[in-house]
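What follows is a single structure, written as structure tokens, with notes after it.
Bear in mind the structure is a predicted one, so any value in this text is a computation, not a measurement.
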Amino acid sequence: MMKKILLSFDYSLSLAKEISKIKKLPIFIVNKTTLPDQETIITIPTQVKNAEVILIASLNEPNQKLIDIIFTCEACKNNSAQKITLIAPYLCYMRQDRQFKRGQGISAKIIAQLLSRYIDKLITIDPHLHRIKKLSQVYTTKTVTLTAIKNIENYIRKNYKSPFIIGPDGESYQWAKTIADNIGAKAIILNKVRYSGTKVKIYTTKELEQIPKTQKIIIIDDIISSGVTLLYIGKFFRNKGYNNLAAIVVHGIFADNCYPKLKKYYKEIITTNTIVHKTNKISVADIIAEKL
Ligand code: R5P
């Protein structure tokens, strides 16, 4: 059997440690130096000859990380690694899945083509699949798409009694409705129009106001990015006199440090550990380890 080597960047170390514990594989940390002119030097810290290198790097704040990954893959290949598996629990650029304005490219496709050149296999969790329905439409390398639905479901079962589930938009349906059905909870999926990266309108319905005021309401979504989606819903419920709101999300990006703003409206904000953040309460290490 091919030897497996677990490589991680320092920014993905906490998840890497969990995976290493489950798989009983040591972790090696990629050595990264930034030169005064901001160029990057990557040195792999161990022999990788004939091995499968399993590289862990979540792709939030992605631009520098993409360089880190490409350089690491190239270094591994130069040192005769046989196979490179990239674990990117959060996969970047997937929301840029069409040309939104004249003069643009399709970033999801560009990144897919780029990564496919360097890696033999990609493992990711709940990528944002909207206009692109399957990663294989844009990735030419092998891809494994996992979902944190069961992990979130188990967390809700353990921590909440009869919550009411809300999905903020059609894209959240696959998480919110599936989880609600599996735990036997009532759910409403709303409609959202996005005008820009930081401007949305969510069409609230009369049905929402029939939810009892003390009811535990959980908003479920795949991503918190700028936070405007959760903010919109949080403000709506606050104005209607609800105070028992939680949000559970797979990927917590929390761009521009939006967490404190959101926290004013939510009793709990919970994320999985695909992206390191203080809200991480649900681990995805088990579902990743199962695929290695
Ligand atoms: C959207 O289509 C997704 O399901 C999320 O609702 C969205 O990505 C959240 O982004 P933001 O936090 O910027 O509103």
Side-chain angles (χ1 to χ4, degrees), residues 7-16 19 30 32 38 40 42 54-74 84-101 104-148 171-172 174-175 194 196-198 221-229 249-259 271-277 279-280 284 287-288:
L7 266 190
S8 174
F9 295 101
D10 52 3
Y11 42 77
S12 292
L13 205 50
S14 50
L15 180 59
I19 295 172
V30 176
K32 183 176 148 181
Q38 297 306 304
T40 302
I42 291 287
I54 300 165
L55 180 62
I56 305 179
S58 207
L59 282 169
N60 55 307
E61 299 178 355
N63 296 353
Q64 173 63 42
K65 290 177 184 169
L66 287 165
I67 289 286
D68 298 349
I69 289 171
I70 290 169
F71 286 9
T72 305
C73 290
E74 219 19 56
I84 300 175
T85 296
L86 172 66
I87 300 174
Y90 171 68
L91 190 58
C92 59
Y93 284 102
M94 288 305 295
R95 292 186 304 162
Q96 296 193 42
D97 57 359
R98 74 173 171 94
Q99 193 183 39
F100 291 97
K101 277 190 195 151
Q104 296 176 342
I106 304 173
S107 307
K109 210 167 146 192
I110 299 167
I111 298 300
Q113 286 167 351
L114 179 76
L115 285 176
S116 293
R117 279 180 56 187
Y118 292 94
I119 60 176
D120 302 292
K121 185 169 157 188
L122 167 72
I123 300 178
T124 189
I125 312 245
D126 291 311
H128 191 81
L129 295 172
H130 180 206
R131 279 162 281 251
I132 295 166
K133 302 288 175 215
K134 284 192 287 186
L135 289 181
S136 58
Q137 283 174 239
V138 284
Y139 278 80
T140 52
T141 200
K142 186 173 178 200
T143 55
V144 178
T145 301
L146 303 173
T147 177
E171 287 145 295
S172 68
Q174 50 192 309
W175 293 274
R194 181 176 285 280
S196 72
T198 52
D221 207 352
D222 59 340
I223 303 173
I224 298 174
S225 183
S226 67
V228 290
T229 300
V249 171
V250 182
H251 309 292
I253 295 178
F254 298 104
D256 291 331
N257 190 27
C258 63
Y259 177 67
T271 58
T272 77
N273 58 351
T274 59
I275 297 172
V276 179
H277 190 261
T279 53
N280 292 168
V284 290
I287 54 173
I288 294 172

Taking C-beta and beyond as the side chain, do [X] and [Y] meet within less than 4.5 Å on heavy atoms?
X	Y	result
Leu66	Leu115	yes
Ile54	Ile123	no
Arg194	Thr229	yes
Gln174	Asp222	no
Thr72	Leu55	yes

>> Set out, in order, the CA-CA distance, both residues' side-chain angles and the distance that settles side-chain contact (heavy atoms from CB on, under 4.5 Å) for Tyr118 and Thr141, then state yes or no.
In response: CA-CA 9 Å; Tyr118 292 94; Thr141 200; over 6 Å; no
> Which word best sums up how the rings of His277 and Phe254 line up, parallel for under 30°, tilted for 30 to 60°, or perpendicular for over 60°?
Replying inline: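 Plane angle under 30°, so parallel.
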> Does CD belonging to Gln137 count more than 12 external heavy atoms closer than 6.0 Å?
Replying inline: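 Count over threshold, so yes.
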> Should the heavy atoms of other residues, nucleotides or ligands under 6.0 Å from NZ of Lys32 be counted, would the total exceed 12?
Replying inline: yes
Provide the closest heavy-atom pair for [X] versus [Y] in the form atom of the first, atom of the second, distance.
X	Y	answer
Asn273	Val284	OD1-N, 2.9 Å
Ser58	Tyr90	OG-N, 3.2 Å
Ala88	Leu59	CB-CD1, 4.0 Å
Val228	Gly197	CG2-O, 4.3 Å
Ile223	Ile253	CG2-CD1, 3.8 Å
Pro89	Leu15	CG-CD2, 3.5 Å

Atom pair [atom1]/[atom2] of [X] and [Y] - distance to nearest 0.5 Å:
X	Y	atom1	atom2	result
Ile42	Cys73	CD1	SG	10.0 Å
Ile87	Ser8	CD1	OG	9.5 Å
Arg95	His128	CZ	NE2	6.5 Å
Ile287	Ile19	CD1	CD1	10.0 Å

Between [X] (side chain) and [Y] (backbone), is there a donor-acceptor pair under 3.5 Å?
X	Y	answer
Gln99	Gln104	yes
Thr143	Leu122	no
Asp120	Ile84	yes
Gln96	Tyr93	no

>> Checking Ile125 against Thr272 for the side-chain contact (heavy atoms from CB on, under 4.5 Å) test, could you report, in this order, the C-alpha distance in whole Å, the side-chain angles of both residues, the deciding distance, and whether it holds?
In response: CA-CA 10 Å; Ile125 312 245; Thr272 77; 5.9 Å; no
> Are side-chain N/O atoms of His251 and Asp126 paired as donor and acceptor at under 3.5 Å?
Replying inline: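 No pair is found: no donor N or O on one side chain lies under 3.5 Å from an acceptor on the other.
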> Is it the case that Lys65 places NZ or CZ above or below the six-membered ring of Tyr11, under 6.0 angstrom from the centre and within 45 degrees of the axis?
Replying inline: yes
>> Before you tell me yes or no, could you show the steps for Leu91 and Tyr139 under side-chain contact (heavy atoms from CB on, under 4.5 Å), namely the whole-Å CA-CA distance, both residues' side-chain angles and the distance that decides it to 0.1 Å?
In response: CA-CA 12 Å; Leu91 190 58; Tyr139 278 80; 3.5 Å; yes
